**Q** 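Have a look at this one.
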Number of protein chains: 2
Amino acid sequence: MKAGADIATDMETTGGRQDTKEVILDAAEKLFAEKTYSAVSLRELTQAAGVNLAAVNYHFGSKDALLIALFRRGAIELNRARARLLREAEERAGGGTPPVREIVAALVLPAIRYSFTSTRLALYNQFVAFARGDGPAEAREMLDKEVGHLQRFALSLARALPHLPQHEVYWRLHFAMGVQHSLYTDMKRLETLSGGLCQLDDLEAVAARVIDYVTAGLEAPYTAKG
Amino acid sequence: MKAGADIATDMETTGGRQDTKEVILDAAEKLFAEKTYSAVSLRELTQAAGVNLAAVNYHFGSKDALLIALFRRGAIELNRARARLLREAEERAGGGTPPVREIVAALVLPAIRYSFTSTRLALYNQFVAFARGDGPAEAREMLDKEVGHLQRFALSLARALPHLPQHEVYWRLHFAMGVQHSLYTDMKRLETLSGGLCQLDDLEAVAARVIDYVTAGLEAPYTAKG
DNA sequence: CATTGACTTAAACGCTTGTTTGAAATTAGC
DNA sequence: GCTAATTTCAAACAAGCGTTTAAGTCAATG
């Protein structure tokens with residue numbers, strides 16, 4: 001009676017439309033980002049997706065499992081894009097260390113790009129923070145695995161900024177993630193603050209802005225104390 | 001039967017202990033930040049606070065009203081501290097424009113300080129983002145009023161960075177808020193990433209770090225496109 | 001000492017939640 | 001074109017939610 005909700009990570013295998021699952025994921029991504037995981041009811045979600053109430057439990061097993069599947073889809077895609085850009089930058093440097101600005105671009109561009117090119121994964125960052133306290137334990141474990149991917153960037157940055165102690169590199173990378181985060185969080189506040197002057201419309205311009213800012217922060221002089 | 005939950009903003013007036021309200025606010029602040037507004041039930045909250053289930057509705061009127069009261073308490077305190085530091089910096093500049101670094105310090109220090117000195121308001125920033133989509137409409141309106149306080153900083157920064165177009169100042173101020181935000185969000189990830197090397201322990205060191213980073217970002221060269 | 005008011009308490013309220021069910025509809029394999 | 005597996009559907013489920021109620025406690029007041 002029950003369908004295996006775990007195994008079916010593959011796509012075209014079952015000949016079936018595989019449509020409903022994607023529709024649900026897209027709607028969940030949108031709503032979870034707009035509100036909160038626990039603030040979105042399955043009735044609201046399924047209605048927005050145009051599917052039956054029971055569809056979520058049938059295809060994913062539970063609401064929690066839906067969140068995990070959603071997070072997995074987003075994380076895999078984002079990390080893959082980041083890793084690719086970083087690898088390309090390293091190859092461009094011919095075995096040497098790429099300049100800070102290019103490492104930053106590899107870190108930041110995929111997230112910005114996805115946030116523009118629409119729906120899927122668009123608001124990935126926004127629920128990372130909440131998943132930590134709100135979501136199921138399995139989601140939290142996945143977040144920790146996420147850290148592994150950031151390590152590559154920490155390493156690359158440490159090599160490009162040899163005058164900085166290691167822990168300072170970690171801190172500044174952390175701040176960089178915060179800046180990235182701000183692209184999905186509180187954009188409404190920025191729009192209000194600027195009287196509509198600032199908006200997420202021109203991808204290139206926004207990307208350049210973020211990269212300028214983050215690069216400057218990473219390259220800031222180190223006024224050490226402790 | 002019902003007590004006025006609106007008027008009693010004063011403190012020592014009623015002779016009564018005024019204890020329960022504060023206990024509830026403190027517990028709510030902690031839990032709402034750890035999880036999410038809608039993920040914390042009143043039963044969980046009142047049990048953590050050690051008060052009766054009905055206490056929230058009696059003292060605040062509703063769960064929504066509790067959130068608003070909580071936000072108000074935090075926002076007032078934080079904005080007051082920021083405004084005072086900015087005013088002092090401006091006085092120190094003798095009517096002129098304070099250096100960027102001092103404006104940044106005025107913006108950033110209060111939040112960092114509160115995050116160390118404990119409980120009250122400690123996690124203020126963390127629920128700002130969520131309140132926008134999750135919380136009641138009244139909370140969202142308060143967030144918009146919040147913007148007014150940031151305008152003072154935008155103005156001051158624009159004067160200190162006259163070569164930047166106005167909208168760029170807004171963007172960079174927005175990023176600065178994101179960096180600040182990262183102090184409350186994803187700290188667990190930073191600890192994991194750094195293998196425990198980076199932690200929120202030394203206030204002065206963390207403050208210097210944040211100010212360095214944000215100042216450098218604000219003063220970054222402007223590579224304009226659009 | 002009785003009375004008033006603010007506060008606390010346990011129990012219950014109606015309602016929404018995530019989930020399950022069993023039958024109907026759809027699709028694939030032969 | 002039949003069979004069997006898969007997917008959809010409306011209805012119901014128990015559990016948990018925010019909220020209300022009415023009786024209870026306690027301190028201060030007249």
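Numbers restart at 1 for each chain; the letters A, B, ... are given by sequence-line order, proteins then strands. Atom set for the values below is all heavy atoms of this structure, side chains included, hydrogens, waters and symmetry mates excluded. Predicted model only: the values in this text are computed from it and were never measured.
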**Q** Which whole-number value in Å describes the distance from A/Leu42 CG to C/dG18 C1'?
**A**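 Distance, rounded to whole Å: 6 Å.
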**Q** To the nearest Å, give me how far apart OH (A/Tyr58) and P (C/dT20) are.
**A**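 After rounding, the reported distance stands at 14 Å.
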**Q** What is the distance from CD of A/Glu44 to P of C/dT17, rounded to the nearest Å?
**A** 8 Å
**Q** So if I take residues 46-56 of chain B and measure heavy-atom distances to DNA chain C, which residues fall below 4.0 Å?
**A**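 Per residue number, the list reads B/Asn52, B/Ala54.
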**Q** Rounded off to whole Å, could you give me the CG-to-P distance for the A/Leu67 and C/dG18 pair?
**A**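 About 13 Å, once rounded to whole Å.
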**Q** For the atom pair OG1 (A/Thr20) and CZ (A/Phe60), what is the distance rounded to the nearest 0.5 Å?
**A**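 Reported to 0.5 Å precision, the distance equals 9.5 Å.
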**Q** Taking OP1 and OP2 of D/dT8, is either one under 4.0 Å from a side-chain nitrogen or oxygen of A/Thr20?
**A** yes
**Q** So B/Val104 and B/Tyr213, side-chain contact (heavy atoms from CB on, under 4.5 Å) or not? Walk me through it.
**A** CA-CA 10 Å; B/Val104 168; B/Tyr213 190 94; over 6 Å; no
**Q** For C/dT17, does either OP1 or OP2 sit under 4.0 Å from a side-chain N or O belonging to A/Ser41?
**A**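 For C/dT17, OP1/OP2 do have a side-chain N/O of A/Ser41 under 4.0 Å.
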**Q** Salt bridge between B/Lys21 and B/Asp26, side-chain N to carboxylate O under 4.0 Å?
**A**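 B/Asp26 and B/Lys21: not salt-bridged.
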**Q** Return the set of residues passing side-chain hydrogen bond (donor to acceptor under 3.5 Å, both in side chains) with A/Arg84 (not counting sequence neighbours), or none when no residue passes.
**A**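 Per chain and number, A/Arg84 pairs via side-chain hydrogen bond (donor to acceptor under 3.5 Å, both in side chains) with A/Glu88.
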**Q** Could you state the OH-P distance from B/Tyr37 to D/dC17, rounded to the nearest angstrom?
**A**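 From B/Tyr37 OH to D/dC17 P: 14 Å.
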**Q** Going by the angle between their ring planes, with limits at 30° and 60°, are A/His181 and B/His181 parallel, tilted or perpendicular?
**A** parallel
**Q** Closer than 4.0 Å, any side-chain N/O of A/Ser62 to the OP1 or OP2 of C/dG18?
**A** no
**Q** If only side-chain N and O atoms of A/His59 are considered, is one of them under 4.0 Å from the OP1 or OP2 phosphate oxygen of D/dT8?
**A** yes
**Q** Atom CG of B/Leu45 and atom P of D/dG16: how far apart are they, to the nearest Å?
**A** 18 Å
**Q** Name all stems that contain residues of DNA chain C, defined as runs of 3 or more consecutive Watson-Crick or G-U wobble pairs, both distances under 3.5 Å.
**A**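 Expected stems, ordered by start: C:1-28 with D:3-30.
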**Q** State the CG-CD distance between A/Leu183 and A/Gln180, to the nearest 0.5 angstrom.
**A**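 Rounded to the nearest 0.5 Å, the CG-CD separation comes to 7.5 Å.
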**Q** Can you tell me how far P of D/dC17 sits from NZ of B/Lys63, to the nearest Å?
**A**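 Answer to the nearest Å: 9 Å.
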**Q** Starting at CZ of A/Phe60 and ending at P of D/dT7, how long is that distance when rounded to a whole Å?
**A**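 It is 12 Å, rounded to the nearest whole Å.
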**Q** State whether the number of non-hydrogen atoms from other residues, nucleotides or ligands found under 6.0 Å of B/Gln166 atom CD is greater than 12.
**A** no
**Q** Go through the N and O atoms of the side chain of B/Arg43 and the base of D/dG16, and report whether any donor-acceptor pair is under 3.5 Å.
**A** no
**Q** How far does CD of B/Glu204 sit from CZ of B/Arg113, to the nearest 0.5 angstrom?
**A**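 Separation between the atoms: 7.5 Å.
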**Q** May I ask you to evaluate whether B/Asn57 reaches the phosphate of D/dG18, defined as a side-chain N or O under 4.0 Å from OP1 or OP2?
**A** no
**Q** May I ask you to decide if the ring planes of B/Phe175 and B/Trp171 are parallel, tilted or perpendicular, using 30° and 60° as cut-offs?
**A**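 Geometry flag for B/Trp171 against B/Phe175: tilted rings.
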